[in-house]
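Beneath this line is the structure, given in structure tokens, with notes to follow.
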Amino acid sequence: MKGAVASQTARGAQAVARVMRPRSVAIIGASARPGSSGQNILQGLKLNRFQGPIYLVGRSAQPIDGLPVLPSPEDLPEGVELAVLTLPAAGVRDAIAACVKRKVGAALVFAAGFAEAGARDVQEEVTRIAREGDLAICGPNCIGFTNNVDGLTLHMLFSREARRSQPGDKPGLALVGQSGGLLGHLQRAVEARELPLSYVISTGNEAGLDLADYTDVLVEDAATRVILLYGEQIRRPAAFLAAARRARAAGKPVLLLHPGRSARARAAAQSHTGAMVGNHGAMLVSVADAGVLAVETMDELTDVAELLTRYPEPPAKGPAVFTASGAYVALINDFSEQLDLEFPALTDATMETLKATLPHFGTAGNPLDSTAGAAPGANPILIRALVADPNVGSLFVSYPISQTKQVEEIIQGLEGNAKPVSVVALGDSSTLPADLMDVANSGPFVFGRSSDRALRAIARYTGYGKLLARPRNDAPPQPFPALPPLGQGTQPEWVGKKLLAAAGIRVPEGALARTEEEACVIAARIGFPVAVKAQAAALSHKTEAGGVILGVANEPALREAWLTLQNNVARAQPGLVLDGALVESMSPRGLELMVGAKRDPGWGPVLLLGLGGIWVEALGDVRLLSPGLPQALIVEELLKLRSARLLTSFRGAPPVDVEAVARAAALIGRLMLTVPAIAEIDVNPLMAYAKGQGATALDALVVTG
């Protein structure tokens, strides 16, 4: 019973508060040596005018900075709220045990050399001791935190005075991450942009408090508007997703940078924080479904964060682009296609204004090239027309700015505007006049120097708006009636197809034959030609074993095929007992697609769509989707495949019935959501026919957990 209580008191808002805003602090491993971690913490407390009692524990027989030094953590008074451990790894376990005895509320642990170095058992022992003793832990292998709300910085590498919130301050960004070094980069980037920063929290190996704890607390924090996370492993997916959904409901954006797309990245994360990285694709699908924007680079993280800080409600509509170069119009159209960013068509009224304002050789449209010959005073009119267009979600200005007057004209065109605006002064890192920079940096827009970087951020930002605007149905899906019973492990194809058919997915006409005579009866009923497929749960590669014979034309050929099939399987897997053979009608030609689903142990089920047959492995052209995605959105995802041209009238072929494919995928998603025993479903191929003619599951692999 105590363990259950401890697991709650060592987590949650109160536990985070004991770390971030303690009323008393003990420094275990205190030192008088300048630059030591113990001195950095002590001087940090003094710089921030910490008002609570400070206790020092160390080897010094003399006072340090006028404070007495206790010889052991066991000499601390009971109930200190935060102990900062500036000890090597070898001393952490005993110090944690001593803190538990003295009823310390939380511990900030800097030492490395735990799970990230292979000493996972040592870290787990520290975690156990702390949890059983109601002790919250931040770390180990962390570097501390900055609290700009209450005015406290505790950092192992330096002493610094934190800001303290004042009445009227705007809410800002919170940075939380498992890498102290990366957080330092992000903090400098955010501060250089003069964005409000509420907290910077290094979580390290997360032996105690983790990203889910901090995210959950920051959802309720009035000083935080946007939450930026760096995670190499999200240790409690369900808790994190619940916190992310709360953030979404509160209108508080959550951005996540998470390595692990490549094998080398997963190996690096393992050595860095001891993270046992799970299914990265499943993670991405799940966090997006909860309203989290996952970005791929540090630049994207800071760039999108700046947009969200200035404009917290990202638009679902694409941007209007204002430039003065026909060449850039061509380049940006290419780049936007890579970024999956659409430039909306402008209304007739907007087009009339543009045409009336541009010189006769100008070309109205989106992107808009104002040309080098625009009349004086034209730019504010053009910008005002673009940003006012109801089809436009934001404005992107990429312009050869060299004079303050040009910036002032942009600002003039934006009077009364509430839409997001990004402005780039072309010329890379060329020096701009100081007065120009002052006006640009204080303007009603995000200002930068790289068009490519700015457009990438706009694409992510707009994609996030689309994600948040996506229709949702939070009602639990209805279970299917009368599903067939499933055994444990891999199911034979005939059982998998019974499951699919019961869910409403079309399968070939036919049945399981247990004898040669039954095969002949089934074939006579459904009509020749037929396919004959050996059936056994242990026969995972039927084709390679010679267990599939297609195009059997008549009864004599069927009897011969039955014998051939039995002999082939006996040679390939001696001793294997077959359930029988599936006798099915042959499918007409169509496009081979693949629909699959897999249940990740941490993140739950995820859908997979792609080109089928051997191409799914050869090309890897797949889309990963939430299993609860509505059918209309599944169609949209299908059309984003690199091979999507095959779904349309490619080389004279009729368009594919993508609605039927999407319906099959939606039903498979519903199966995964309503039948927890199913670990995996693989339909390859799903033969898709011409529009209006449906799709048929020609093969089915179902695995239960």
Side-chain angles (χ1 to χ4, degrees), residues 1-25 79-85 92-93 95-97 99-100 102-110 114-115 120 123-142 144-145 147 149-150 154 174-178 199-221 224 227 229-247 250 252 254 256 273-276 278 287 290 292 602-603:
M1 296 297 293
K2 177 166 174 60
V5 174
S7 67
Q8 296 299 318
T9 57
R11 289 201 179 280
Q14 291 184 356
V16 171
R18 294 197 297 270
V19 174
M20 300 294 297
R21 45 180 65 91
R23 290 172 293 186
S24 55
V25 175
V80 173
E81 285 212 333
L82 176 65
V84 183
L85 274 58
V92 168
R93 182 196 178 282
I96 291 293
C99 287
V100 167
R102 303 311 299 157
K103 295 182 171 55
V104 173
L108 178 61
V109 185
F110 296 143
F114 290 90
R120 189 172 299 277
Q123 180 172 309
E124 290 175 351
E125 173 69 1
V126 168
T127 301
R128 182 191 63 78
I129 293 170
R131 287 285 173 82
E132 290 179 356
D134 299 346
L135 177 71
I137 293 182
C138 179
N141 190 26
C142 72
F145 65 84
N147 176 349
V149 179
D150 304 286
L154 297 180
L175 302 175
V176 187
Q178 294 166 352
Y199 307 94
V200 182
I201 307 168
S202 168
T203 66
N205 289 10
E206 300 184 342
L209 297 170
D210 59 19
L211 290 182
D213 289 302
Y214 292 109
T215 303
D216 199 46
V217 169
L218 290 169
V219 171
E220 301 295 332
D221 185 73
T224 299
I227 303 170
L229 305 175
Y230 172 76
E232 292 169 359
Q233 181 193 16
I234 297 176
R235 288 166 171 80
R236 297 184 298 137
F240 177 76
L241 292 174
R245 292 186 186 102
R246 291 183 60 235
K252 189 167 290 191
V254 178
L256 172 66
T273 62
M276 292 183 292
V287 299
V292 174
W603 295 104

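Here the straight-line distance linking atom OG1 of T203 with atom CG of D213 works out to 10.0 Å at 0.5 Å rounding. Here the CG atom belonging to L82 is positioned 12.5 Å from the CZ atom belonging to R21, to the nearest 0.5 angstrom. A distance of 9.0 Å separates CD1 of I201 from OG1 of T215, quoted to the nearest 0.5 Å.
Side-chain contact check for V176 versus L211: some heavy-atom pair is nearer than 4.5 Å. Two residues are said to be in side-chain contact when any heavy atoms from C-beta on lie closer than 4.5 Å; V109 and N205 fail this criterion. Here the side chains of N141 and F114 are not in contact, with every heavy-atom distance at 4.5 Å or above. The closest side-chain heavy-atom distance from V287 to L241 is below 4.5 Å. For the pair L229 and Y214, the minimum side-chain heavy-atom distance is 4.5 Å or more.
No donor-acceptor pair under 3.5 Å is formed between the side chain of Q178 and the backbone N or O of E206. No donor-acceptor pair under 3.5 Å is formed between the side chain of S202 and the backbone N or O of F145. Looking only at distances, a side-chain donor or acceptor of D210 sits under 3.5 Å from a matching main-chain atom of A212. Using modelled atom types, no side-chain atom of K252 and backbone atom of I227 make a donor-acceptor pair closer than 3.5 Å.
The two residues A207 and I137 come nearest to each other via the heavy atoms CB-CG2, 4.5 Å. Nearest heavy atom pair, residue L218 against residue A174, reads CD1-CB, 3.8 Å. Across every non-hydrogen atom of A107 and I96, the tightest pair is CB-CD1, 3.8 Å. Here the closest non-hydrogen pair linking A106 and V19 is CB-CG2, 3.7 Å. Shown here for Q123 and P140, the closest heavy-atom pair between the two residues is OE1-CG, 4.1 Å. Summarising the geometry of V292 relative to A244, their closest heavy-atom pair is CG2-CB, 3.5 Å, with the distance given to 0.1 Å.
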Side chain to side chain contact (heavy atoms under 4.5 Å, CB included) evaluation trace for V254 with V219: CA-CA 9 Å; V254 178; V219 171; 6.0 Å; no

Derivation of the side chain to side chain contact (heavy atoms under 4.5 Å, CB included) call for V100 and I129: CA-CA 8 Å; V100 167; I129 293 170; 4.1 Å; yes

CA sep, side-chain torsions, deciding dist, call: V84, F110, side chain to side chain contact (heavy atoms under 4.5 Å, CB included): CA-CA 8 Å; V84 183; F110 296 143; 3.6 Å; yes

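Exactly one residue among D150, N147, D221, T224 makes a side chain to side chain donor-acceptor pair (under 3.5 Å) with Y199. That residue is D221. The one candidate from K103, R23, R18 that meets the salt bridge (charged side-chain N to carboxylate O under 4.0 Å, His left out) condition with E81 is R23.
With sequence neighbours excluded, the residues satisfying salt bridge (Lys or Arg N to Asp or Glu O under 4.0 Å) with E220 are R246. The side chain to side chain donor-acceptor pair (under 3.5 Å) search around R128 returns E125, E132, not counting sequence neighbours. Residues forming a side chain to side chain donor-acceptor pair (under 3.5 Å) with S24 (at least two apart in sequence, or on another chain): none.
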